[in-house]
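Okay, so here's the structure we're looking at.
So you know, we letter chains A, B, ... as the sequences are listed, proteins then strands, and number each from 1.
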Protein chains: 2
Amino acid sequence: MKKATIHEIAKALNIDSSTVSRALNDSDRVRAKTKKRVLDKARELGYTRNLLASNLRRNKSNTIGVVVPRISRYFFSSTIAGIEEMAYQAGYNVIICQSLEEVLREQKIIRNLMANRVVGILISVTMQTRDTAHLTECFENGTPLVFFDRHVTGIKQTGKVLLDDVRGGFEATEHLIHQGCKKIVHFTAPLEVEIYKNRHEGYRSALAKYDLPYDENLVFVSTLLKEDGYRLAGKIVEELDGVDGIFSANDFAALGALNYLKKSGIRVPGDIAIVGFSNEPTSAVIEPSLTTVDQSGTEIGRLACNLLLDYFENGNTLINDKTIMIPPKLIVRESSKRY
Amino acid sequence: MKKATIHEIAKALNIDSSTVSRALNDSDRVRAKTKKRVLDKARELGYTRNLLASNLRRNKSNTIGVVVPRISRYFFSSTIAGIEEMAYQAGYNVIICQSLEEVLREQKIIRNLMANRVVGILISVTMQTRDTAHLTECFENGTPLVFFDRHVTGIKQTGKVLLDDVRGGFEATEHLIHQGCKKIVHFTAPLEVEIYKNRHEGYRSALAKYDLPYDENLVFVSTLLKEDGYRLAGKIVEELDGVDGIFSANDFAALGALNYLKKSGIRVPGDIAIVGFSNEPTSAVIEPSLTTVDQSGTEIGRLACNLLLDYFENGNTLINDKTIMIPPKLIVRESSKRY
DNA sequence: AAATATAATACAATCGATTGTACCAATAAT
DNA sequence: ATTATTGGTACAATCGATTGTATTATATTT
C-alpha cells in the first residue's frame, strides 16, 4: 500500500540514498554491480519513482498544458491527439483543459497550469479573448506559449502554428467564382478573432481579383453554430435576391444552411453553391457532400507540440513569434461542383 | 522570472513562512489582519503557489488520470469533456492519455500515471486488454480505478460506469424484428471484449424471444472499422441469401455497410434494414440516416468522474465494484424504418 | 612502497509548502 | 495580583528525490 522510496532501497542495501538515486538514473558515478543490486531491490520492493518529488527538486513538471475551447469538437480532439502523440514520445504528460469559450475560465486555467509548473502551454484561445494579460504573464514567468489555430496578435515571445486562413478564404471564394457564382455571401464570426478576420480578408481579396463588388450586407456575423447557418440561410432567401454562393467560415454554419436550403427545395449547388471551412467528419457524408477547406488537426497538433519540444532542446532560437504557416487544402465536393 | 515563494513573503513581512502558508490557506490560526498583509504582499510579489511542492507534502497530486483508446473518437472526446467538466468544478486537473489500442502503451501509461501520483484513474481499455496485471496494481497501490464503457471483469475494488449493452443489443435486434426482419446478421468485435460480448448476448436473446434461429454464420467478427463493414456487406450479398437486417456493434461498420449497399443498388431499409451502435455524429446526417443506440459520452464521463469524486469524500463505500448501469436509448432513423 | 590519480560512495543541503508542537503574548478567571 | 486560558506565531521536521562536495577505497604510476 505504502509506496517504497529510494531511502528504503538504500537502507535495505546498506548504501546511501544518493547512490540509489544515481543508480536509478543510470549515472556513471555508480558501479555496474551496484546498479544491478539497486535495480533488483527496486523491483523487489515495487518501487516507482515519485515524480512529484523529482519534479519539485528539478523545478520542472515534465507536463505540457493544453487549452482548447472544447474538447469534443473534432478539430480540437484531433489536435489533442497529435499533441499527445508527440508529447508521449518525448516523455511528457499532457494536461488538457477546456475553456468552453469563456475568458474567465481561460484565465483561471492558465493560472492553474502555471501553479502546476507546466513546462509550456499550447493554446487555442476563446472567441472572446481580447484582454491578453493572462497570456503575457506566461512568458513573463518563463513559461513558453505556443498558439495553434485561434491565436492573438501583439504578443512576442510565442510560437504559432496556423493555417493560412487568408489563403484558405481566398481559395474557397475563388472556387465559388470559378463555378460561376456572382453574388457570394460570407458567414463569419466576430472579426476581432484573427482566424475569422483572415478568412474574411481572403474572401474579400478573391472578390477584388475577379472584379466582384464587396458588399457589407452580404457578410453575416454570428457564432457560426449550425442554427446560425440555418437561420441565416432563411434570411438570405427571404430578404436578398440573386445570391448564388455561400462561403461559410466554418462547416457547422454551412451544414445548417445546407439543411435549410434542402428543406426549402432550393438546389445545392444548382441554385446556391456552398463552401465551408474545417472539414468536419460530417461534411463528407452529408448529401450533397460539402466542399470545404481542410485543416489537419492532428498535423497542427504535432507541429505545435514539436515547436515547444524544439524550444526545450534548442533554447530561444525557435520561440520568438515563430510562426509555422500551414497551407490550406480545398476539398471540392458536391455542394459546389457545378460542372 | 524567478517565482516568489512563501519564504520570500515571510521575509518581507518579517514573519514565519508557516504563518504565511496558513494565511494563504485561510486557516483560523492566523489573525485576519495578518492574512490581509500576507495576501497583499503575495499579490505584490506575483506569488503563485507551487503545487509541485504542495502536492509532494500532501502526497497527492490533485490530478486525475484518464486513459482512452483514442481521443479523436467522438464518443471518447465527449466522455473526456464530461470528465474534465466535473473535475474542473471540484478543483482537479485531468491528464489525458491515449492507448491507441495498444496494451503495451496502456501499461506504460498506467505506470506513468502512478508515478505521477494521480489520485485516481478513469479508463476505457483497449480491445486487446486481456492481462490485467497493470490494472490490479492500481488499487494495490491505493489508486482507485473507475472503468467506463470498455471494462474488464474480475477486478474487485473498482467502479464502473457502463451502458447496458445487453439491453442495447436486445433492443436494436428486437427493433429489426419488429420491422419484419427474419434473417439478421450481426457485426461484432472479438467477444472477449465485454461490451461486444454483451451486445452479442442481447442480439442472441432477442432472436430467442421471437423464436428466430441463432446462426453462427451470421455473426461476423472484425475490428469494426468502416472498411470492415463495407467488405462484410459485400460478403453478405455475394455469399448469403435472404439477409434482411444488419445489427452492427458500432456505427462505423454500419456506415461502411450502408455505403456498400447504396453503391450496389440494394435498398436500405427496403431490402436490408440496418441498426448501428454508438450514435456517431455522422450517423444522423448520412442518407438514409442510421438507426442506432445512443450512449451519451458526456453523461458517462460525468458519472465516472463523480464516482471517483464521491469516493474521495465518502471513502470506501462507493468504489467496490460499484457499477452504474446506463440505460441505452434506441434512436430510430431511416435506415431501419419500414413502416 | 609511497605517491598520485581515479572510481565509487557517503554526506548534507535543497526544492517549496505543510503541519504538529512549542512558545509567548494578551485576556479572562480566581 | 496571580494563575489559567487561548489566540496568534515561531520553530522544526517532513514529503522523496536530486546534486555539489567531501571522503574513502581502489587502481595506477613512479
Answer with base, sugar-phosphate or nothing: what part of the nucleic acid does B/Asn25 contact at a heavy-atom distance below 4.0 Å?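 Counting heavy atoms under 4.0 Å across all strands, the contact made by B/Asn25 is with sugar-phosphate only.
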For [X] and [N], what is the distance between atoms [atom1] and [atom2] respectively, to the nearest whole Å?
{"X": "A/Lys60", "N": "D/dT19", "atom1": "NZ", "atom2": "P", "value": "11 Å"}
{"X": "B/Lys3", "N": "C/dC15", "atom1": "NZ", "atom2": "P", "value": "15 Å"}
{"X": "B/Asp28", "N": "D/dG7", "atom1": "CG", "atom2": "C1'", "value": "10 Å"}
{"X": "A/Asn116", "N": "C/dA17", "atom1": "CG", "atom2": "C1'", "value": "14 Å"}
{"X": "B/Leu56", "N": "D/dA13", "atom1": "CG", "atom2": "P", "value": "18 Å"}
{"X": "A/His7", "N": "C/dA10", "atom1": "NE2", "atom2": "P", "value": "13 Å"}
{"X": "B/Asn59", "N": "C/dA17", "atom1": "CG", "atom2": "C1'", "value": "14 Å"}
{"X": "A/Lys33", "N": "C/dT9", "atom1": "NZ", "atom2": "C1'", "value": "13 Å"}

Is the closest side-chain heavy-atom distance between [X] and [Y] below 4.5 Å?
{"X": "A/Ile71", "Y": "B/Ile96", "answer": "no"}
{"X": "A/Leu162", "Y": "A/Ile326", "answer": "no"}
{"X": "A/Phe312", "Y": "A/Pro144", "answer": "yes"}

Would you say a side-chain N or O of B/Arg49 is under 4.0 Å from OP1 or OP2 of C/dA17? no
Pair [X] + [Y], salt bridge at N-O below 4.0 Å:
{"X": "B/Glu137", "Y": "B/Arg111", "answer": "yes"}
{"X": "B/Glu102", "Y": "B/Arg70", "answer": "no"}
{"X": "A/Lys41", "Y": "A/Glu44", "answer": "yes"}

For B/Arg31 and for A/Tyr47, locate the closest nucleotide of DNA chain D by heavy-atom distance; then report the residue assigned to the nucleotide nearer the 5' terminus.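 Result of the comparison: B/Arg31.
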Those residues that, when tested against A/Glu101, pass side-chain contact (heavy atoms from CB on, under 4.5 Å) (two or more places apart):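 Checked A/Glu101 against side-chain contact (heavy atoms from CB on, under 4.5 Å); matches are A/Pro69, A/Thr126, A/Met127, A/Arg150.
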Go through D/dG8, C/dA17, D/dG20 for me and flag the one nearest to the A/Arg29 side chain. D/dG20
Among C/dT19, C/dA17, D/dA17, the one nearest A/Ile6 by side-chain distance: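 My answer, after comparing the listed nucleotides, is D/dA17.
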Contact list please: residues 9-24 of chain A against DNA chain C, heavy atoms, distance less than 4.0 Å, in numerical order. A/Asn14, A/Ile15, A/Asp16, A/Ser18, A/Thr19, A/Arg22
